[in-house]
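Note that this is a predicted model, so its numbers are computed, not measured. Chain identifiers are assigned alphabetically (A, B, ...) following the order of the sequence lines, protein sequences preceding nucleic acid strands; residue numbering begins at 1 within each chain.
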Amino acid sequence: MPELPEVETVVRELRPLLQGKMIRTIEAVWPKTFENRCTRELAGQRIREVARKGKYIVLRLEQSDLVIHLRMTGQLALNTSLTRPLNHIRLIIHFDDGEQLLFNDTRKFGRVYHVCQAREILQRIGKDGLDPQWSDEEFYQMLQNHSVGIKSFLMSQKYISGLGNIYTDESLFRAAVHPLRLSSSLSRKEAQRLFESIRFILTQGVKNMGSTISDYRDAYGNPGKNQYYFKVYGREGQPCLICGTPIEKIKAAGRSTRFCPKCQPLR
DNA sequence: CCATGTACCTGAAGGC
DNA sequence: TGCCTTCAGGTACATG
C-alpha cells in the first residue's frame, strides 16, 4: 500500500501530534510486528522528531530510534484523533499522558524496529525520491552503472527510495519509457525526463495526500485523493489519455505493470 | 551481478 | 450459497 506520498502524508500529520510525547511502554499485540535490536530502555524516552526516508518512518527518541515500515496494509494513528475504530491493531505505543499510537495492519507484514541508530536500517536504501540533493547527472550515472530492467531499478529502493508499484508505473508513463527497457539503455535525455517525471509524480501524490486503492488511510483515517489522477495504474483495457490506445498490463519485476504500448515503445 | 520464485498474511473478487 | 483460485500500495531470502 503505502509508497512515499502516503508515508509522507502520515508523517506530516503525526509530527505535531507526537513531538515531545514520553513513551511508557510498547505492547506488541502481534509479536512479530516488533523487533528490538537495541538494549536501551524505551520507557521514559521522549519523541524528539518524526522523520521519513523512502517508505520508512523514523521516530527519533532521546537515546535510540524507532523505525517503522507499513509494508502493504500498515496504518498509524493516535487513538484520540480517529473517528472510526481500527480492527487489526498489531502494536500499541502507550504514552505517559494516556494517549496511544496505534499500529493497525491487516496483513501483518508491517514492522516496528527499535534500533540504537536509525542509520543501521536506513543506510541500506538509496536517497529519498524527493531529496533535494539529487541531480540529473547522479541519476543518469546510476542508470548507466546497472544493467537491470528499469521497473526493477525504480522498485528496488537501493538506488532511489520511495517508489512502489503505483508511482513507478505512473512515472514511467509520464517519461514515455517502456517498463522493460534496460536501465543502462536510457539516453541522458531520457534519464533526465524520467527523473523529472518521478519528482512530478511524487510531488503530486503528496499534494493529493496519497492514493487510496482499498486499505490506505492517513493518520486521521481519511483516504487520499491521488487515485483520481492515475493515468495507467488500474486502467488496463481503457484508452490511453494521450493517444487512445488501450492500456496494457504485463508482468515486470514480478509485479503487475501497466503502460501504453504506443506512448512507451520498447523500440 | 541479475532474474525469478517463495514466504510472510488477510480479505476481496471472480469463476464455476 | 459455497468452494477454489487469483490478486493486492512490500520486502527478504533462496535458487539458478
Please list, for nucleotides 1-5 of chain B, all pairs of protein and nucleotide N/O atoms separated by less than 3.5 Å.
unit_1	atom_1	unit_2	atom_2	d
dC2(B)	OP1	Ser147(A)	N	2.9
dA3(B)	OP1	Gly149(A)	N	3.3

If you take all heavy atoms of Arg111(A) and Phe103(A), which pair is closest and at what distance?
->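 Arg111(A) and Phe103(A) have their closest heavy atoms at N-CZ, 4.1 Å.
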Stacking check Tyr216(A) vs dG9(C) (5.5 Å / 30 deg) =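 Here the ring of Tyr216(A) and the base of dG9(C) are not stacked, as the 5.5 Å and 30° limits are not both satisfied.
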Is the distance from OP1 or OP2 of [N] to the nearest side-chain N or O of [X] less than 4.0 Å?
X         : N       : answer
Lys108(A) : dC8(B)  : no
His88(A)  : dG11(B) : yes
Ser256(A) : dA8(C)  : yes

Would you say Ile57(A) and Ile47(A) are hydrophobically clustered, going by side-chain heavy atoms of ILVMFWY under 4.5 Å?
->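 As far as the 4.5 Å side-chain criterion goes, Ile47(A) and Ile57(A) are connected within one cluster.
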Please work out if Ser214(A) contacts a base, only the sugar-phosphate, or nothing of the nucleic acid, heavy-atom cut-off 4.0 Å.
->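 Here Ser214(A) touches the bases of the nucleic acid.
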Could you tell me whether Tyr167(A) contacts a base, only the sugar-phosphate backbone, or nothing, with contacts defined as non-hydrogen atoms closer than 4.0 Å?
->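 It contacts nothing in the nucleic acid.
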What is the per-nucleotide protein-contact pattern of nucleotides 11-16 of chain C, from the 5' end, where B denotes a base atom under 4.0 Å from a protein heavy atom, S denotes such proximity for sugar-phosphate atoms only, and - denotes neither?
-> SS----
Given salt bridge (charged side-chain N to carboxylate O under 4.0 Å, His left out), test Glu137(A) with Arg188(A) step by step and report yes or no.
-> CA-CA 8 Å; Glu137(A) 185 58 22; Arg188(A) 194 174 293 263; 2.5 Å; yes
Taking any strand in view, what nucleotide pairs with dC9(B) in a Watson-Crick or G-U wobble way, both distances under 3.5 Å?
->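 Looking at the geometry, dC9(B) pairs with no nucleotide.
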Chi-based syn or anti call at dG10(C), which uses purine or pyrimidine torsion atoms and a 90° bound |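 You should classify dG10(C) as anti.
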